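The block underneath contains the structure these notes are about, expressed in structure tokens.
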Amino acid sequence: MSPKLERVGTTYIPVKDVEKAAQWYVEKLDAQLNYRDEDKAILNLADQSFFLVKSKENETANFYDAKGNERFSLTFEVDGLQALESLREHFIESDVTVGEIENRGHAGRNFVFQDLDGNQYDVWSELSPSFKNRQRDESLTNS
């Protein structure tokens, strides 16, 4: 069996003000702050480590596609359409900038939100099968 990549462990996000950004992620996204100094903050969010890294002005993790549309580089998953709608409503109530729920022609629905620095994130209403299986297995183990 050949070696393979198992999972994404850390995502690096450029931010202008580490302290303000870390506070935003904790308050708005319920992230857990593990470490912060003047150059970076380390957060646990969605079963992954996020490093918020002090960056140059107007730097984001976004990119432009071939048609000139600014795009996100990361998609979060929730468990179903009701969870997607509920999360979007919670974000709106928490003054998070969110887009409309979209039908992109594949299973599930999506919406985009952004942080204080304009980093865009996608949310999809479909959990990956491997994650669902892991959740089920953990639930059975803890029973």
Side-chain angles (χ1 to χ4, degrees), residues 1-104 106-139 141-142:
M1 185 162 165
S2 63
K4 65 178 182 174
L5 299 173
E6 294 291 337
R7 66 179 284 270
V8 174
T10 304
T11 299
Y12 294 82
I13 305 295
V15 298
K16 182 173 49 177
D17 183 316
V18 172
E19 184 175 349
K20 283 183 182 177
Q23 182 178 353
W24 187 91
Y25 278 77
V26 168
E27 289 178 5
K28 307 294 185 183
L29 305 184
D30 201 28
Q32 177 187 2
L33 178 63
N34 292 327
Y35 176 83
R36 188 184 78 231
D37 62 29
E38 64 185 38
D39 295 319
K40 69 185 166 301
I42 303 172
L43 307 168
N44 281 345
L45 174 63
D47 203 28
Q48 189 177 135
S49 181
F50 283 78
F51 278 49
L52 306 179
V53 180
K54 185 175 178 81
S55 302
K56 294 179 181 178
E57 191 78 26
N58 298 321
E59 193 75 35
T60 71
N62 308 338
F63 67 95
Y64 289 89
D65 66 18
K67 295 181 179 179
N69 300 309
E70 189 173 22
R71 301 292 301 260
F72 50 83
S73 60
L74 186 69
T75 298
F76 291 101
E77 298 174 349
V78 297
D79 195 6
L81 183 57
Q82 184 176 1
L84 183 85
E85 292 169 344
S86 178
L87 180 64
R88 184 175 177 277
E89 187 60 36
H90 172 72
F91 281 176
I92 290 169
E93 292 169 1
S94 299
D95 295 323
V96 174
T97 301
V98 298
E100 297 298 323
I101 293 177
E102 303 173 35
N103 178 351
R104 298 183 184 159
H106 55 69
R109 299 291 182 266
N110 301 68
F111 74 86
V112 176
F113 72 94
Q114 63 181 317
D115 71 8
L116 290 175
D117 293 282
N119 292 298
Q120 294 182 15
Y121 299 100
D122 185 47
V123 183
W124 186 33
S125 65
E126 302 295 312
L127 280 179
S128 299
S130 61
F131 190 79
K132 273 188 171 182
N133 289 338
R134 189 176 86 195
Q135 280 186 321
R136 186 195 72 235
D137 292 346
E138 287 174 1
S139 175
T141 301
N142 295 331

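None of these values were measured; they are calculated from a predicted model.
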Close side-chain approach of D30 and H90, heavy atoms under 4.5 Å | no
Rounding to 0.5 Å, atoms CG (D17) and OG (S55) come to a distance of 11.5 Å
Smallest heavy-atom separation, A22 atom then L33 atom, equals CB-CD1, 4.3 Å
Short side-chain to backbone donor-acceptor contact, N62 and Q120, under 3.5 Å | yes
Counting only heavy atoms not in D65, do more than 12 fall under 6.0 Å of its CG?
-> yes
Just wondering, more than 12 heavy atoms not from E93 lying within 6.0 Å of its CD?
-> yes
How many angstroms lie between OH in Y12 and CZ in F50, if you round to the nearest 0.5 Å?
-> 12.0 Å
Between F111 and E100, which heavy-atom pair has the shortest distance, and what is it?
-> CB-O, 3.6 Å
Test item: W24 and L29 side chains (from C-beta on) under 4.5 Å apart, heavy atoms | yes
With under 30° as parallel and over 60° as perpendicular, where do the rings of F76 and F113 fit, or are they tilted in between?
-> parallel
Non-hydrogen atoms of G108 and E126 that approach each other most closely | CA-OE2, 3.5 Å
Give the intermediate values and the outcome of side chain to side chain contact (heavy atoms under 4.5 Å, CB included) for residues Q114 and T60.
-> CA-CA 10 Å; Q114 63 181 317; T60 71; over 6 Å; no
Do you know which two heavy atoms are closest between D117 and P14, and how far apart they sit?
-> CB-O, 4.2 Å
Heavy-atom check, side chain of T97 versus side chain of F91, under 4.5 Å = no
Show your working on side chain to side chain contact (heavy atoms under 4.5 Å, CB included) between E102 and V112 and close with a plain yes or no.
-> CA-CA 9 Å; E102 303 173 35; V112 176; 4.2 Å; yes
Cut-off 3.5 Å, side chains only: do Y121 and N119 have a donor facing an acceptor?
-> no
With a 4.5 Å limit on heavy-atom distance, are the side chains of L84 and R88 in contact?
-> no
So which heavy atom on W124 is nearest to which on H106, and how close?
-> NE1-CE1, 3.5 Å
So do the side chains of V18 and D39 get within less than 4.5 Å of each other, counting heavy atoms only?
-> no
Any K16 side-chain heavy atom under 4.5 Å of E57 side chain | yes
Just by distance, do the side chain of S125 and the backbone of R109 share a donor-acceptor pair under 3.5 Å?
-> yes
Are V8 and Q48 side-chain neighbours, meaning at least one heavy-atom pair lies under 4.5 Å?
-> yes
With rounding to the nearest 0.5 Å, note down the distance linking CD in Q23 to CG in L52.
-> 12.5 Å
Would you say the side-chain atoms of K28 pair up with the backbone N or O of S94, donor to acceptor, closer than 3.5 Å?
-> yes
Find out whether Y35 and K40 are in side-chain contact, i.e. whether some heavy atom of one side chain is under 4.5 Å from a heavy atom of the other.
-> yes
If you round to the nearest 0.5 Å, how far is CD of E77 from CG of N110?
-> 10.0 Å
Where do D115 and I13 land on the side chain to side chain contact (heavy atoms under 4.5 Å, CB included) test, with the steps shown first?
-> CA-CA 10 Å; D115 71 8; I13 305 295; 4.1 Å; yes
